[in-house]
There are 2 protein chains.
Amino acid sequence: MDTDMPSDPVSVVAWLEAGLVADSYRLTRARHVILTVMATFGHPFTSTELEQAVADTDASIGRASVYRTLTLMESRGVVEKLHQAGIEHYTLCLKSEHHHHVTCVECGRTEEFAVKDNIDLMSAVDGLARRLGYLPRSHVLEVYGVCPLCQESGAGGSDAAPTNGHGAGGRHPLGRRADR
Amino acid sequence: MDTDMPSDPVSVVAWLEAGLVADSYRLTRARHVILTVMATFGHPFTSTELEQAVADTDASIGRASVYRTLTLMESRGVVEKLHQAGIEHYTLCLKSEHHHHVTCVECGRTEEFAVKDNIDLMSAVDGLARRLGYLPRSHVLEVYGVCPLCQESGAGGSDAAPTNGHGAGGRHPLGRRADR
DNA sequence: GTTTATACTGATACTAAGTATCATTAGGAT
DNA sequence: ATCCTAATGATACTTAGTATCAGTATAAAC
Ligand SMILES: [Mn+2]
Ligand SMILES: [Mn+2]
Ligand SMILES: [Zn+2]
Ligand SMILES: [Zn+2]
């Protein structure tokens, strides 16, 4: 229990909904469907993908509610907007501590890593700011690479084998142009 | 010569245009105006701000050319898109080496810092990726803080005094919500 | 200097992503 | 069962950016 996200979609949704109830948001049909779709994606997703998938699940749910739920979840810190290759992606965040993401450029798989497990890195960021005379406030850090599974299946290959929740058909064309 | 960007707008534009000529792009009136406006901003700017400022300078220049030039420059690596507080900003990049940006959350002032001057930081990023089993490929890093000038003028204040190219009237409402 | 080829232009129409409005519905407290 | 109002779906709108295309002006050839 380390690699594969300990919580299945169902319990993730349950947890998200518990949070909503705790803050006296109402538990609606639309929200349930939208959250379920979000939790079922294993990858970051675009708003359009979400819209699509929700429509496929229940055509009666309106566009606006998809965006409303997305925004609500973002404001609750449980969804985060990423900027992958110029395309806005959203991802569920299970970690509540200060963390960042590593994303596989081949398959889109995303993992969270806690800042507390990488103090050296983060103190380096703050140190850099201070060296330039800045009072550090915040930062954005996103790391891209090839995940273990994609390294196995094809030493320079394109798509991962559809195993281990890895499938979903090579979307996420993260053809990074270069470092930034 | 350290703090205040060694090159004035005019020489920046000259340099940009030299690059265009070198790659046999045409030196047009529209491009000249747009590049001049871009170089005159000291801060990152939104596409809308650019559009505005260009229109103010020369109303005959079309919207499309603004975006065309922006995109062209981006593809040439001399303009970069930043994601400040959810708003897309663009900024000129004078450094051609691998670098990142520190942005002042008070006044929007942005500085570039070369990766080669912060090897510890960057090796920490790669090290992190490798520790998670990823083959590092690229990363996005943006640092936010309060710049030296804004620290002076108001120890918790809002707008910087309009000195030192610092003015332009407290735009850039980078009211970051929290760390990411 | 005049001609010429075509890269680039401005106007305009269009798309994509997201937001605002508002009458209607349904969640959940009592 | 009743009631209040948060949340909804439909729809119109906005904002950021793209595509199209006839016309223009740059730069190279003469
Ligand atoms: Mn996360
Ligand atoms: Mn730069
Ligand atoms: Zn992968
Ligand atoms: Zn400042």
Side-chain angles (χ1 to χ4, degrees), chain A residues 16-38 44-76 79-91 173, chain B residues 16-38 44-76 79-91 173:
Chain A
L16 293 172
E17 291 186 326
L20 288 178
V21 169
D23 287 348
S24 59
Y25 285 97
R26 290 185 182 173
L27 217 44
T28 70
R29 203 176 133 44
R31 276 181 185 153
H32 182 75
V33 170
I34 295 164
L35 292 179
T36 302
V37 169
M38 290 191 349
F45 49 89
T46 64
S47 55
T48 312
E49 287 170 335
L50 181 62
E51 222 180 303
Q52 274 296 339
V54 169
D56 290 354
T57 307
D58 182 340
S60 78
I61 292 174
R63 259 168 52 76
S65 286
V66 173
Y67 281 102
R68 278 191 285 242
T69 303
L70 199 48
T71 305
L72 172 62
M73 288 322 194
E74 209 183 340
S75 77
R76 311 195 87 239
V79 160
E80 206 169 286
K81 209 180 225 174
L82 306 180
H83 316 279
Q84 298 180 358
I87 302 162
E88 305 295 326
H89 285 247
Y90 297 87
T91 192
Chain B
L16 293 172
E17 291 186 325
L20 288 178
V21 170
D23 287 349
S24 59
Y25 285 96
R26 289 185 184 173
L27 218 45
T28 71
R29 206 178 131 44
R31 274 178 186 156
H32 182 76
V33 171
I34 295 164
L35 292 179
T36 302
V37 169
M38 289 191 350
F45 49 88
T46 63
S47 55
T48 312
E49 285 169 338
L50 182 61
E51 221 179 303
Q52 274 295 340
V54 168
D56 291 354
T57 306
D58 182 340
S60 78
I61 292 174
R63 255 169 56 75
S65 286
V66 173
Y67 281 101
R68 278 191 285 241
T69 303
L70 199 48
T71 305
L72 172 62
M73 289 320 194
E74 209 185 340
S75 78
R76 310 195 88 238
V79 160
E80 206 169 284
K81 209 180 225 173
L82 304 181
H83 315 279
Q84 299 180 357
I87 301 162
E88 305 295 327
H89 284 249
Y90 296 86
T91 193

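Numbers restart at 1 for each chain; the letters A, B, ... are given by sequence-line order, proteins then strands. If you're wondering where the values come from, they're calculated on a predicted model, not measured in any experiment. The figures here come from the full heavy-atom set of this structure, side chains too, leaving out hydrogens, waters and symmetry mates.
- You'll find a donor-acceptor pair under 3.5 Å spanning the side chain of B/Arg68 and the base of C/dG10, going by distance alone.
- Of the possible donor and acceptor atoms, one in the side chain of B/Arg31 sits under 3.5 Å from a partner among the backbone N and O of B/Arg26.
- Residue contacts for B/Ser24: at a heavy-atom cut-off of 4.0 Å it reaches no nucleic acid atom on any strand shown.
- Separating the CG atom of A/Leu50 from the P atom of C/dG18 is a distance of 10 Å, rounded to the nearest angstrom.
- Between A/Ser65 and B/Ala64, the residue whose closest nucleotide on DNA chain D is further toward the 5' end is A/Ser65.
- Residues passing the side chain to side chain donor-acceptor pair (under 3.5 Å) test with A/Ser60 are A/Asp58, sequence neighbours excluded.
- Of the two residues near DNA chain C, A/Arg29 and A/Tyr90, the one whose nearest nucleotide lies more 5' is A/Tyr90.
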Just the atom pairs and distances: protein N or O near nucleotides 28-30 of chain C's N or O, under 3.5 Å.
| residue | atom | partner | partner atom | Å |
| --- | --- | --- | --- | --- |
| C/dG28 | OP1 | A/Leu27 | N | 2.7 |

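- Residue B/Arg29 places its CZ atom among 12 or fewer non-hydrogen atoms of other residues, nucleotides or ligands, all under 6.0 Å distant.
- Taking 4.0 angstrom as the limit, A/Tyr67 places a side-chain polar atom (N or O) nearer than this to OP1 or OP2 of C/dG18.
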For A/Leu20 and A/Leu35, what are the C-alpha separation, side-chain angles and deciding distance, and is it a side chain to side chain contact (heavy atoms under 4.5 Å, CB included)? CA-CA 11 Å; A/Leu20 288 178; A/Leu35 292 179; 4.1 Å; yes
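- One N or O donor and one acceptor, one from the side chain of A/Arg63 and one from the base of C/dG18, sit under 3.5 Å apart.
- Taking the 5' to 3' direction, DNA chain D first and last meets chain B under 4.0 angstrom from a heavy atom at D/dA16 to D/dA27.
- Look at B/Ser60 and you won't find any side-chain N or O under 4.0 angstrom from OP1 or OP2 of C/dG10.
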Please lay out, stage by stage, how B/Arg76 and B/Leu16 fare under the test side chain to side chain contact (heavy atoms under 4.5 Å, CB included). CA-CA 10 Å; B/Arg76 310 195 88 238; B/Leu16 293 172; over 6 Å; no
Side chain to side chain contact (heavy atoms under 4.5 Å, CB included) between A/Tyr25 and A/Leu72, worked out: CA-CA 10 Å; A/Tyr25 285 97; A/Leu72 172 62; 3.6 Å; yes
Under the side chain to side chain contact (heavy atoms under 4.5 Å, CB included) criterion, do A/Asp56 and A/Gln52 qualify, and how do the steps go? CA-CA 6 Å; A/Asp56 290 354; A/Gln52 274 296 339; 4.0 Å; yes
